Amino acid sequence: MTKYVFVTGGVVSSLGKGITAASLGRLLRARDLRVVNQKLDPYINVDPGTMNPFQHGEVFVTDDGGETDLDLGHYERFTGENLRRTSNVTAGSVYLSVIQKERRGDYLGDTVQVIPHITNEIKSRIRKVGGEGVDVVITEVGGTVGDIESLPFLEAIRQLGNDIGRQSVMYLHVTLVPYISSSEELKTKPTQHSVAELRSHGIHPDVIVVRSDRPIDDQVRRKISLFCDVPPKAVIAAPDARDIYEVPILLHQGGLDAVVCERLGITAPPAELAGWTEMVRRATEASQKVTVGIVGKYVDLPDAYLSVVEALRHGAAFHGHQLDLRWIPSEELTGMLAASYLEGVDGVVVPGGFGSRGVEGKIQAIRHAREDGIPFLGLCLGLQCAVIEIARSVMGHPDANSTEFDPTTVHPVIDLMESQQDVADMGGTMRLGLYPARLVEGSQVRALYGQEVVYERHRHRWEVNNRYRKDLEAAGVLLSGLSPDDNLVEFIELPSHPFFVGTQAHPEFRSRPDHPHPLFAGLIEAAIRHRRTRIETEEVDLDALARARGAG
């Protein structure tokens with residue numbers, strides 16, 4: 001029978017509920033249990049697909065094409081499980097479903113209310129991800145206890161405790177214990193108030209995970225245990241970590257997975273964390289750095305490119321380096337500014353996005369990377385911008401563009417496919433989810449992946465215009481990956497360049513800390529080589545200058 005763990009948070013937002021839920025998933029997976037993570041989001045949007053990245057961060061895409069909260073990225077990276085769209089539930093999707101049922105007459109004229117109709121819908125979605133083959137479902141409730149938006153979700157998970165039986169349901173509450181420097185004390189009162197608020201909704205936490213900027217001592221643990229009515233061993237310290245991937249190790253040392261298994265009556269082998277621990281050691285002890293610039297328009301909110309950053313970190317750690325990340329605002333890149341912004345970078349990534357703002361800056365950055373031999377990786381829009389840049393600079397079409405940005409361009413090297421152009425609903429033209437690509441023998445991407453057919457997640461509308469494929473090849477572009485029917489360009493590269501690769505996909509979504517994605521590992525490897533060459537050249541230039549001065 002599937003067991004259910006519900007993760008709530010109190011005191012303040014951004015405490016790390018998502019990382020805690022993901023870490024618990026990692027620990028239970030390390031005990032050979034089948035785990036599925038889920039996120040309940042209280043906002044009224046149906047899904048994050050249309051939300052502003054400045055407000056919400058990146059949109060994470062699942063294999064089945066779900067546009068979901070970024071916490072699902074944490075869940076997948078920590079557990080290694082590929083989740084489905086059912087792992088993200090928003091208040092908007094719940095209310096929409098209930099209203100549609102009411103309109104169809106499914107409720108036979110009943111008065112539709114939050115209880116039981118909304119809460120039943122929420123419970124149905126929670127139980128849907130469980131069932132045969134799933135040992136534990138870990139469901140994170142977004143927001144903070146006390147938020148008005150979260151009340152139906154809290155009521156639903158309270159009811160599930162009665163529906164399923166408390167022996168199969170447990171509640172984990174993440175709270176803050178702040179350190180007050182004037183009194184040199186860790187204060188437990190915010191945690192006490194948060195637990196009291198949670199209990200006022202009928203939920204008694206079984207485990208309290210305590211966030212703090214330093215370790216908590218036994219006195220603090222006993223005090224929280226006494227006032228919050230949980231056993232001392234169920235008060236788990238979660239101090240700030242050097243690396244987010246160290247959190248499972250810290251929680252394991254605090255006994256979290258043992259407490260969860262004991263509380264739910266799960267018999268499982270000890271957690272096997274040797275490989276994970278070694279991965280964290282490599283990442284935290286790396287002394288050499290590699291500098292990679294991300295050229296985007298949302299650089300003021302790094303969470304907008306969270307999976308890209310994590311994939312770069314995975315690749316850097318794999319090669320024994322620390323990632324030195326440089327955020328480059330694409331809107332500011334014009335003309336010679338590209339060279340100044342990219343000075344000293346070892347690699348360049350142009351990530352995905354929608355809309356024309358900042359696109360010309362991305363094109364300028366790509367041109368500089370291409371001409372100066374800087375390793376480059378273009379993701380989705382990054383590939384499209386690379387095609388536009390090559391069409392302008394190499395193919396002799398200075399007005400080449402995408403019809404997304406200039407519908408009247410004479411040279412639409414990026415365009416909607418003919419089958420998409422008559423679709424009234426733009427959402428119907430989106431390529432979402434997992435798609436295959438066949439890689440060309442002898443290409444760089446084929447060597448990196450080590451296989452002929454690969455699957456990657458997509459989230460885009462516009463494609464490389466097939467009318468320009470021969471012209472691109474004549475300009476030195478290798479169309480190194482095509483859809484199995486040869487109708488869509490999935491990968492491009494420049495064989496004459498140290499590393500110049502573009503993909504229509506979002507490979508960042510499938511990168512894992514213990515299994516870095518081949519494209520990001522390849523970019524980092526090329527960036528390390530570029531860095532060494534650049535440093536050696538600078539040293540030679542300095543030696544020559546010193547000799548010249550000595551001779552003078």
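Both backbone and side-chain heavy atoms feed into the values below; hydrogens, waters and symmetry mates do not. From a predicted model like this one, the values you see are computed outputs, not experimental measurements.
Checking side-chain atoms of Asn88 against main-chain N and O of Asp69 turns up a donor-acceptor pair under 3.5 Å. The main-chain N or O of Pro518 is never found under 3.5 Å from a side-chain atom of Tyr449 such that the two would form a donor-acceptor pair. Counting only distance, with no hydrogens or angles, the side chain of Asn45 and the backbone of Gly92 share no donor-acceptor pair below 3.5 Å. Proximity of a side-chain donor or acceptor of Ser194 to a complementary backbone N or O of Thr191 within less than 3.5 Å is not detected. Between the side chain of Ser124 and the main chain of Asn120, no donor-acceptor pair closer than 3.5 Å is present. Checking side-chain atoms of His314 against main-chain N and O of Glu310 turns up a donor-acceptor pair under 3.5 Å. Between the Gln38 side chain and the Thr86 main chain, a donor and an acceptor come within less than 3.5 Å of each other. For the pair Trp276 (side chain) and Asp514 (backbone), a donor-acceptor distance under 3.5 Å is absent. Thr2 places a side-chain N or O within donor-acceptor distance of the main-chain N or O of Val134, the cut-off being under 3.5 Å. With hydrogens and angles disregarded, a donor-acceptor distance shorter than 3.5 Å links the side chain of His204 to the backbone of Asp229.
The stretch residues 107-159 participates, sequence neighbours left out, in these ring-ring contact (aromatic ring centres under 6.0 Å, His included) pairs: Tyr107-His117. Sorted by first and then second residue, the side-chain hydrogen bond (donor to acceptor under 3.5 Å, both in side chains) pairs involving residues 152-167 (not counting sequence neighbours) are Lys123-Gln159, Lys123-Asp163, Glu155-Arg158, Glu155-Gln159, Arg166-Asp206. Listed by first and then second residue, the salt bridge (Lys or Arg N to Asp or Glu O under 4.0 Å) pairs involving residues 41-53 are Lys39-Asp41 (not counting sequence neighbours). Residue pairs meeting the salt bridge (Lys or Arg N to Asp or Glu O under 4.0 Å) criterion with at least one partner in residues 124-138, sequence neighbours excluded, are Glu121-Arg125. The list of ring-ring contact (aromatic ring centres under 6.0 Å, His included) pairs with a residue in residues 5-53, not counting sequence neighbours, reads Phe6-Tyr171, Tyr43-His56.
In this view, Arg459 and Val59, Val61, Glu67, Phe354, Met430, Leu432, His506 satisfy the side chain to side chain contact (heavy atoms under 4.5 Å, CB included) rule, not counting sequence neighbours. Residues satisfying the side chain to side chain contact (heavy atoms under 4.5 Å, CB included) criterion with Pro507, sequence neighbours excluded, are Leu379, Glu456, Thr503, Ala505, His517, Leu519, Phe520. Evaluation of the salt bridge (Lys or Arg N to Asp or Glu O under 4.0 Å) rule for Glu490 yields Arg431 as partners, not counting sequence neighbours. Scored by the side chain to side chain contact (heavy atoms under 4.5 Å, CB included) test, Thr188 finds Gln192, Val220, Lys223, Ile224 as partners (sequence neighbours excluded). Residues meeting the side chain to side chain contact (heavy atoms under 4.5 Å, CB included) test with Pro302, sequence neighbours left out: Trp327. Residues satisfying the salt bridge (Lys or Arg N to Asp or Glu O under 4.0 Å) criterion with Glu331, sequence neighbours excluded, are Arg357.
Checked options Leu377, Val309, Leu323, Val348; the residue passing with Val292 is Leu323 (criterion: side chain to side chain contact (heavy atoms under 4.5 Å, CB included)).
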Arg211 and Thr20: CA distance, side-chain angles, deciding distance, side-chain hydrogen bond (donor to acceptor under 3.5 Å, both in side chains) verdict: CA-CA 10 Å; Arg211 289 285 292 109; Thr20 301; 6.0 Å; no
For Leu381 and Val350, what are the C-alpha separation, side-chain angles and deciding distance, and is it a side-chain contact (heavy atoms from CB on, under 4.5 Å)? CA-CA 8 Å; Leu381 179 60; Val350 175; 5.8 Å; no
Ring pair (Phe, Tyr, Trp, His ring centres under 6.0 Å) between His74 and Phe60: does it pass, once the steps are laid out? CA-CA 10 Å; His74 289 313; Phe60 189 81; 9.2 Å; no
Evaluate the criterion side-chain hydrogen bond (donor to acceptor under 3.5 Å, both in side chains) for residue pair Glu197 and His193; output intermediate values, then yes/no. CA-CA 6 Å; Glu197 176 72 22; His193 283 301; over 6 Å; no
How far apart are the C-alpha atoms of Ile388 and Asn401, what are their side-chain angles, what is the distance that settles it, and do they pass the side-chain contact (heavy atoms from CB on, under 4.5 Å) test? CA-CA 6 Å; Ile388 295 170; Asn401 215 327; 3.9 Å; yes
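A 4.5 Å side-chain heavy-atom check between Pro152 and Ile122 finds at least one atom pair inside the cut-off. A heavy-atom distance below 4.5 Å is found between the side chains of Thr8 and Leu154. Contact annotation: the side chain of Leu83 approaches that of Val36 to within less than 4.5 Å [non-hydrogen atoms, C-beta and beyond]. Considering only heavy atoms from C-beta on, Pro412 comes within 4.5 Å of Thr403 through its side chain. Here the side chains of Leu482 and Arg438 are not in contact, with every heavy-atom distance at 4.5 Å or above. Residues Glu140 and Asn37 fail the side-chain proximity criterion, which asks for heavy atoms closer than 4.5 Å. Within the 4.5 Å cutoff, the side chain of Trp462 has heavy atoms near those of the Leu416 side chain. For the pair Gln504/Leu383, a side-chain contact is recorded, criterion being any heavy-atom separation below 4.5 Å from C-beta on.
The two residues Lys297 and Ser330 make their nearest non-hydrogen contact at N-OG, 3.5 Å. For the pair Ile236 and Gly255, the tightest heavy-atom approach, listed with the atom from each and the gap, is CD1-C, 4.2 Å. When all heavy atoms of Thr68 and Pro48 are compared, the closest pair comes out as C-CG, 3.4 Å.
A salt bridge is defined here as a Lys NZ or Arg NE, NH1 or NH2 lying under 4.0 Å from an Asp or Glu carboxylate O, and Arg510 with Asp63 meets this definition. Ion pairing between Glu81 and Arg34 holds under the 4.0 Å rule for side-chain N and carboxylate O.
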May I have the list of side-chain donor-acceptor pairs in residues 108-116 shorter than 3.5 Å, sequence neighbours left out?
none

